[in-house]
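FYI, the numbering just counts along the sequence from 1.
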Amino acid sequence: MKSPLHHGKKSPLRPNRAERRRHVVPPGIRQALLGALLAPGLAVAAAAEHPITLYADQVNGLGSGHWTASGNVEVLYGDRRVYADTVHYDQARDEIIADGHVRMVSPGLVTAAPKATIHLRANEGVIVHPRYLLEAQNGHGHATNGQELSKGHYRLNEACYTTCDGEKPAWQLWSGQIDLDQNDSYVSTADTTVDVFGLPVFWMPYLSFPLKRHSGLLAPSVGSSTINGFYLGIPYYFNISSNMDDTVTVDYFARRGVMLQNEFRYLEPHYNGKLYLDLLPSDQLTHKNVWAVSWQHNQNLGDGFSFNANYNRVSYKNFLSDFGGVAGFGSSFVGGIGNAPYLTSSGGVYYDNAHIEAGAALQSYQELVPGGVAPYSQLPRLFADGYWRVGRSGYFDWHSSFNYFSASAGPIGQRLDLIPTLGWRFSRGWGFLEPQARLYYSHYQIQRNGPYARATNRTLPALSLKGGLNFVRYDGNGSTALLQPLFKYTYIPLQAQNGIPSFDASQPYQNFPMIFTNNVLYTGSDRINAANQVALGLRGTWLTPSGRQLWQAAIGQIRYFNRRQINLAGDIVPQNQQSNYFFEGQYAPLPDINFIASSQVDAPWQKLERLNLRAQWLPGPQRAINLDYRFTRHFVNQAGISGAWPLYKRWQLLGSYQYDVTDRKPLEELVGIGYDGGCWATHMMVYHQILLGGQSNNVLYLEIVLRGLTSLGNASNSLLSQYVPGASMEF
């Protein structure tokens with residue numbers, strides 16, 4: 001089967017316009033050349049109002065009601081063109097007959113045939129053995145005959161459709177009837193057989209698909225998992241308006257039952273959002289009604305004000321591990337699909353301008369893992385922050401917040417935080433110096449307060465001086481080396497804080513940049529570490545003559561002059577003379593090769609506390625190799641390899657293997673293979689994961705894409721960025 005474009009855009013027998021006779025058709029017969037079968041948006045009713053230009057080698061019978069144009073005929077009307085060897089017109093029958101190498105061109109559509117007959121005013125016509133091309137979709141085919149049923153609505157009988165090129169397309173639809181409605185950008189077929197490489201695969205009594213966004217059935221999704229068994233999802237898409245749609249999916253799980261899913265999306269100039277609702281009545285595994293809801297909304301209220309909401313709730317703790325690959329919102333939670341320890345819901349009104357950022361928000365959590373790992377809910381959190389310049393180099397920074405912390409057990413209460421900061425920064429090419437004075441003030445009102453006082457205040461001043469030098473060397477070949485010694489001295493008096501509950505305090509992941517912050521040991525405001533210390537660091541960077549960073553490395557440590565500190569409980573405890581050593585580095589010997597490392601070593605250089613390593617090679621599109629190692633003492637000891645690589649011709653292989661070195665067992669395994677055939681593509685992935693609590697889950701993803709028509713299966717690209725960095729199977 002050939003595309004009509006195979007005839008060429010211009011017949012080699014057709015002379016140049018300059019060599020041919022140009023005819024301007026008299027107004028009385030301008031309607032004669034307005035018709036072209038399958039020409040979208042045909043404006044016959046307005047025929048007499050539009051000029052028609054006719055090019056031909058010869059025209060006979062002009063003005064008689066029966067005329068004939070012959071020899072490389074070209075008819076131009078608006079943005080439409082009709083080419084033929086001969087064009088006949090019968091005014092009494094309002095009929096135009098184009099004969100011999102007929103070719104009709106209009107925006108988005110090209111049709112070729114040996115003969116076409118069109119009744120202009122009735123918007124009806126017949127074309128014999130047409131070949132057609134939908135340019136935007138690259139969809140093309142041929143038919144025994146075609147009919148124009150009304151303006152913009154066409155029917156092809158005994159027809160085929162494909163987006164593949166060549167005499168033997170990889171896939172094509174053979175239909176007893178194809179209806180093309182260009183007014184609604186919709187195609188429907190009857191008595192349709194799908195052929196793959198010339199072999200009939202399956203038959204459908206009816207099939208429809210949109211050329212643009214359109215309501216209707218979407219391609220089904222299929223898959224399988226250990227927990228749910230075989231999975232089949234059938235979605236129906238509602239195109240409510242140009243900025244609003246809804247998708248309802250009926251999901252069948254062999255081991256669970258039938259789930260109804262609904263995804264509603266909306267987009268307006270000043271707000272947008274999406275709402276997911278899932279319901280599985282009478283779940284065969286839990287013997288309960290299983291449900292989930294997720295709503296995300298963002299809105300610009302004007303004049304610097306905005307509103308956003310992010311509400312998430314599931315009916316039972318294992319919903320994400322069981323259905324995370326199916327639920328549209330499953331992959332967005334902390335920990336990834338199946339491993340989220342809790343769900344976060346939040347919403348608030350915010351204000352932002354050049355100097356002030358403020359807001360009133362609510363934030364709550366749903367625990368999914370036993371043991372109370374979720375943070376305190378904040379109902380509400382009010383904050384107001386500001387930043388102003390003082391003179392040429394000074395600044396005033398203000399942070400304030402009011403929080404009400406709520407939980408099902410333990411102390412609850414309110415906290416007011418005020419943190420004013422006055423600083424000054426002197427900066428020159430050779431370095432910088434930045435003194436800073438800060439005050440931490442907190443007031444607590446505590447309910448369920450035992451053993452804490454009902455009302456508590458804490459006031460702590462903080463002084464710091466931060467500075468650094470810049471040593472720059474320009475090499476003769478154009479490369480640049482930068483060496484930066486850095487320091488920061490910080491003083492915060494020691495104060496026991498065991499009379500204050502820990503609502504949001506935690507110990508952060510520490511790295512090289514963290515040692516130059518004031519409250520190094522804790523996040524939140526419930527714990528402020530004591531400090532009489534100096535942080536020392538050395539950072540180096542090398543840039544190639546083109547400006548690419550060849551390597552960057554840093555080492556740092558904190559030296560403590562105070563020998564006592566507070567712990568997370570707020571008690572005063574002894575402190576070592578110095579902190580761990582912190583390292584980070586990056587080396588890119590070539591633009592497509594990158595080595596990244598960060599680590600912590602204890603001060604006596606005897607124990608490795610943390611080590612993260614990654615070697616990545618990205619030599620080109622769809623090519624990636626990653627080697628990873630992660631170690632944290634008493635917590636993580638894992639190694640992994642992942643990658644994606646094209647195989648023979650259009651095949652691609654990808655995989656990920658993560659191994660627990662301590663327990664000597666695999667944690668995650670993913671293997672996938674894909675094929676891109678141009679007009680079609682397919683990929684399959686098998687995924688094994690150890691969930692929180694030790695539960696294992698095996699999932700099979702399969703997707704077949706028929707470009708220009710539909711996709712079948714379960715898309716799994718969301719897994720790739722998480723488990724195979726740098727890989728893609730986007731079809």
Side-chain angles (χ1 to χ4, degrees), residues 243-244 264-275 293-313 329 332-334 343-366 374-407 412-425 434 436-445 457-459 462 503-506 508 517-519 522-526 528:
N243 58 348
M244 190 179 300
F264 175 66
R265 302 184 303 176
Y266 52 93
L267 176 63
E268 294 286 350
H270 299 293
Y271 65 88
N272 64 84
K274 53 188 176 181
L275 173 66
V293 58
S294 180
W295 178 47
Q296 290 83 43
H297 179 88
N298 297 282
Q299 186 164 354
N300 182 0
L301 302 176
D303 298 323
F305 288 92
S306 62
F307 167 77
N308 69 49
N310 179 26
Y311 179 78
N312 304 288
R313 201 76 178 176
F329 54 90
S332 63
F333 293 127
V334 176
L343 304 185
T344 303
S345 295
S346 61
V349 177
Y350 306 93
Y351 175 77
D352 189 10
N353 66 17
H355 297 287
I356 298 175
E357 183 178 352
L362 304 174
Q363 186 163 304
S364 64
Y365 305 89
Q366 180 186 6
Y376 271 83
S377 297
Q378 300 183 44
L379 308 171
R381 174 178 178 257
L382 310 176
F383 69 94
D385 301 334
Y387 182 88
W388 294 269
R389 297 291 300 269
V390 179
R392 294 184 58 184
S393 303
Y395 60 88
F396 177 69
D397 192 21
W398 171 267
H399 292 273
S400 61
S401 64
F402 173 82
N403 304 71
Y404 178 78
F405 295 97
S406 177
I412 61 174
Q414 301 91 35
R415 185 187 69 201
L416 172 66
D417 286 316
L418 304 176
I419 309 176
T421 302
L422 187 63
W424 178 79
R425 183 178 177 89
E434 183 176 5
Q436 193 179 84
R438 173 175 294 181
L439 181 69
Y440 294 98
Y441 172 79
S442 297
H443 173 74
Y444 291 83
Q445 291 285 341
N457 293 318
R458 181 194 59 199
T459 303
F503 291 130
D504 64 357
S506 63
T517 60
N518 283 333
N519 196 24
Y522 304 106
T523 62
S525 299
D526 294 320
I528 306 298

Report the distance from atom [atom1] of [X] to atom [atom2] of [Y], rounding to the nearest 0.5 Å.
X    : Y    : atom1 : atom2 : answer
Q436 : N518 : CD    : CG    : 5.5 Å
M244 : E268 : CE    : CD    : 5.5 Å
Q296 : N308 : CD    : CG    : 10.5 Å
D504 : S525 : CG    : OG    : 6.0 Å

Just jot down the side chain to side chain donor-acceptor pair (under 3.5 Å) partners of Q366, sequence neighbours excluded, or say none.
none
Counterpart residues, side chain to side chain donor-acceptor pair (under 3.5 Å), relative to D526 (two or more places apart):
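D526: side chain to side chain donor-acceptor pair (under 3.5 Å) contacts with R415, Y444.
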Could I get the full list of side chain to side chain contact (heavy atoms under 4.5 Å, CB included) partners for [X], not counting sequence neighbours?
X    : result
T459 : L439, Y441
A309 : W295, H297, F307
Y387 : R389, Y395, D397
L362 : L379, P380

H443 and N457: CA distance, side-chain angles, deciding distance, side chain to side chain donor-acceptor pair (under 3.5 Å) verdict:
CA-CA 5 Å; H443 173 74; N457 293 318; 2.4 Å; yes
Count the heavy atoms of every other residue, nucleotide or ligand shown that sit under 6.0 Å from CG of N353, and state whether that count exceeds 12.
yes
Show, in sequence, the C-alpha distance, side-chain angles and deciding distance for W388 and I356, and conclude whether the side-chain contact (heavy atoms from CB on, under 4.5 Å) test is met.
CA-CA 9 Å; W388 294 269; I356 298 175; 4.0 Å; yes
Under 3.5 Å: donor-acceptor pair, side chain of S400, backbone of A384:
yes
Does L267 offer a backbone N or O that forms a donor-acceptor pair with the side chain of N243 under 3.5 Å?
yes
Closest approach of V390 and F396, non-hydrogen atoms and distance?
CG2-N, 4.0 Å
Below 4.5 Å, heavy atoms only, C-beta onward: do [X] and [Y] meet side chain to side chain?
X    : Y    : answer
T344 : Q363 : yes
W398 : L418 : yes
N403 : Y376 : no
E434 : W424 : no

Check the pair F383 / H399 against side-chain contact (heavy atoms from CB on, under 4.5 Å), numbers first and verdict last.
CA-CA 8 Å; F383 69 94; H399 292 273; over 6 Å; no
How far apart are the C-alpha atoms of Y404 and I412, what are their side-chain angles, what is the distance that settles it, and do they pass the side-chain contact (heavy atoms from CB on, under 4.5 Å) test?
CA-CA 8 Å; Y404 178 78; I412 61 174; 3.5 Å; yes
Could you walk me through whether I419 and R438 pass the side-chain contact (heavy atoms from CB on, under 4.5 Å) check?
CA-CA 7 Å; I419 309 176; R438 173 175 294 181; 3.7 Å; yes
Residues N312 and S294: side-chain donor-acceptor under 3.5 angstrom
yes
Strictly by modelled atom types, are T523 and S506 linked by a side-chain donor-acceptor pair under 3.5 Å?
yes
Of F503, F402, F405, which is the lone residue that meets side chain to side chain contact (heavy atoms under 4.5 Å, CB included) with Q378?
F405
